[in-house]
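Letters A, B, ... mirror the listed sequences (proteins, then strands); counts begin at 1. Computed from a prediction, not measured in an experiment: that's the story for all the values here.
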Number of protein chains: 2
Amino acid sequence: MTQSVQRALRVMEVLVAKAPRAVLGDIAKAAGLTPSTTYRIVQTLVQEGYATAEEGGYYQPGSRILSLAGQMVTAMDYSTYARAAMLELQEHTPETIHFGVLSGDQAHYVDKLEGRRPYRLASVVGMSLKLHCTAIGKAILAHLPPGRIAELTAPDRLVAHTRKTITDPERMATELERIRAQGFCIDDEEDRDGVRCIGAPVFDHHGQVFGGLSVSAPTMQFTLQDAISLAPVLIAAAESTSAALGAPRNRGND
Amino acid sequence: MTQSVQRALRVMEVLVAKAPRAVLGDIAKAAGLTPSTTYRIVQTLVQEGYATAEEGGYYQPGSRILSLAGQMVTAMDYSTYARAAMLELQEHTPETIHFGVLSGDQAHYVDKLEGRRPYRLASVVGMSLKLHCTAIGKAILAHLPPGRIAELTAPDRLVAHTRKTITDPERMATELERIRAQGFCIDDEEDRDGVRCIGAPVFDHHGQVFGGLSVSAPTMQFTLQDAISLAPVLIAAAESTSAALGAPRNRGND
DNA sequence: CCTCGTTATTTCGCATTGTGAAACGACATT
DNA sequence: AATGTCGTTTCACAATGCGAAATAACGAGG
């Protein structure tokens, strides 16, 4: 609608995507704008704290973005919805529990409950998750509208992260089918070697998929059987979160 | 510079500030814009994923903001700068270590190292910190330019969080003076009851204050003496982080 | 069921504002 | 010193964003 705003947002996205080394020309090209327009927009972003100009002509995304996100997480408090369910889930497993929400064509963590284990997973709240190779991601992907699924499972989107990542659209279609049938989803070292997860989808008040809960652990301590045996409690936790978000009941039969 | 972009950013900020219940009229008033302009901007934000329109006429900040912040944390990886120092610091204390960076008129966590203790602090990466009542915050505040300090320590900014929060500008001025002299800073239940922290500032390559490191723990297990005795190693960790960020040497004598 | 008041949305004419070509300047490279 | 590249500034034009006012949608009260 408002052209210059659209352009500015696009510039901001490019800035983040190319961080931490974005130079004006590249930004302009990536955003499909003329240098002068890009320059003006970037200046505005800098002035407002959404970008910073580093020496050497590099531009970086500004901390204001982090600041907004921080406030937002606090204010919206997505995690309150999942918190109770996560704590309950923690009674059933000593492993790390994550809550992630969908955001554009990826998901990201909004809450995490550390496992009662000596090791720690290298994850932080805010970290983004690919939809095609993570437990939360695939759980979400499986419940997206068919059109979006098609987009997101195009061959060039299925980037391999490990040897086990599903990169074939057909296999992915089968996988998503199974996820819908089972109600949960396994990530068997598809995102990171040595990490196995089980995930289940969470729905919002429109009945649309909103995010997912997952339990993750090193493969050595967390066999496929261990993971699968958690499915019932995980699904229960996910459903209780959906309920807290006001999701309509008994999805899957309608 | 670019009016409509400035306005859009302002609208986005208002949206976050008023989350999760912002109605068009309020947004317009808070942003100082006419309803029609606000409407157009909000529509643009919605279309781009920076806002969502909820039923009942409520607008909420969109998950795209979180998504950008998530990518940004990953891409910029502020935490790499502090990681080594934090791990080193962890050798000297079993308590929780935080790294926070300045962002506008607050700070927020970008990394956290869980303490080797049975309890956990309710903090997550991304969480925002007030500058006037947290260890990292005050460490930063003390090293801001005098003008900013004046702004940020105006009586109405010094909001009490606990009985011990410093709300008197004069006392705050003295406190900041001491922080500059000592090189570290104590938060003695000023932000949360039962939590005591020690913090030290981190500087960037311009020599400007960039963030801070802190060690936090429940007061019962972490006396004032315990905290103060950590000062040397904490300061060393902060200085090593500053060095990693390319900060000029021997600050404080010039 | 109608009326009035409030608030969101749309329309529309105007000129402010954003735009991009082109000029300029700062650097680096040869 | 000459040439090329890239960031920055200028400027004339009109497209774009603007806000007043009209309209629609909704709710509360009678």
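For the pair A/Ile41 and A/Ile27, the minimum side-chain heavy-atom distance is 4.5 Å or more. Between A/Leu102 and A/Leu131, the closest side-chain pair of non-hydrogen atoms falls below 4.5 Å.
The nearest whole Å value for the distance from the CD atom in A/Gln6 to the C1' atom in C/dG18 is 14 Å. If you measure from atom CE of A/Met1 to atom C1' of C/dT9, you get 10 Å, rounded to the nearest angstrom. When the P atom of C/dG18 is taken as reference, atom CG of A/Leu33 falls 14 Å away, rounded to whole Å. Taking atom CD1 on B/Ile41 and atom C1' on D/dT16, their separation rounds to 13 Å, with Å as the unit. Atom P of nucleotide D/dA25 and atom CG of B/Leu24 are separated by 17 Å, given to the nearest angstrom.
Using a cut-off of 4.0 Å between Lys/Arg side-chain N and Asp/Glu carboxylate O, B/Asp191 and B/Lys130 are scored as not salt-bridged.
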For nucleotides 10-12 of chain C, list the nitrogen or oxygen atoms of the protein found under 3.5 Å from its nitrogen or oxygen atoms, one pair per line.
| from | atom 1 | to | atom 2 | distance (Å) |
| --- | --- | --- | --- | --- |
| C/dT10 | OP2 | B/Tyr39 | OH | 2.8 |

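A search for salt bridge (Lys or Arg N to Asp or Glu O under 4.0 Å) contacts involving B/Glu177 returns B/Arg180, not counting sequence neighbours. B/Arg40 pairs by the salt bridge (Lys or Arg N to Asp or Glu O under 4.0 Å) definition with nothing, not counting sequence neighbours.
For B/Ser4, counting side-chain heavy atoms from C-beta on, the closest listed nucleotide (D/dT8, C/dT19, D/dC18) is D/dC18.
With A/Tyr59 as the partner, the side-chain contact (heavy atoms from CB on, under 4.5 Å) test is satisfied by one option alone out of A/Lys18, A/Arg21, A/Gln43: A/Gln43.
Closest-nucleotide positions on DNA chain D for A/Val23 and A/Arg7 were compared, and the one nearer the 5' end corresponds to A/Val23.
The gap from the C1' atom of D/dT16 to that of D/dA12 amounts to 16 Å, rounded to the nearest Å.
In this structure, B/His98 and B/Tyr109 have parallel ring planes: the angle between them is below the 30° cut-off, well short of the 60° mark.
Using a 4.0 Å heavy-atom criterion, one finds that A/Gly25 contacts the sugar-phosphate atoms exclusively. Using a 4.0 Å heavy-atom cutoff across all strands shown, B/Tyr59 reaches sugar-phosphate atoms only and no base atom.
Side-chain N/O atoms of A/Gln3 include none lying less than 4.0 angstrom from OP1 or OP2 on C/dG18.
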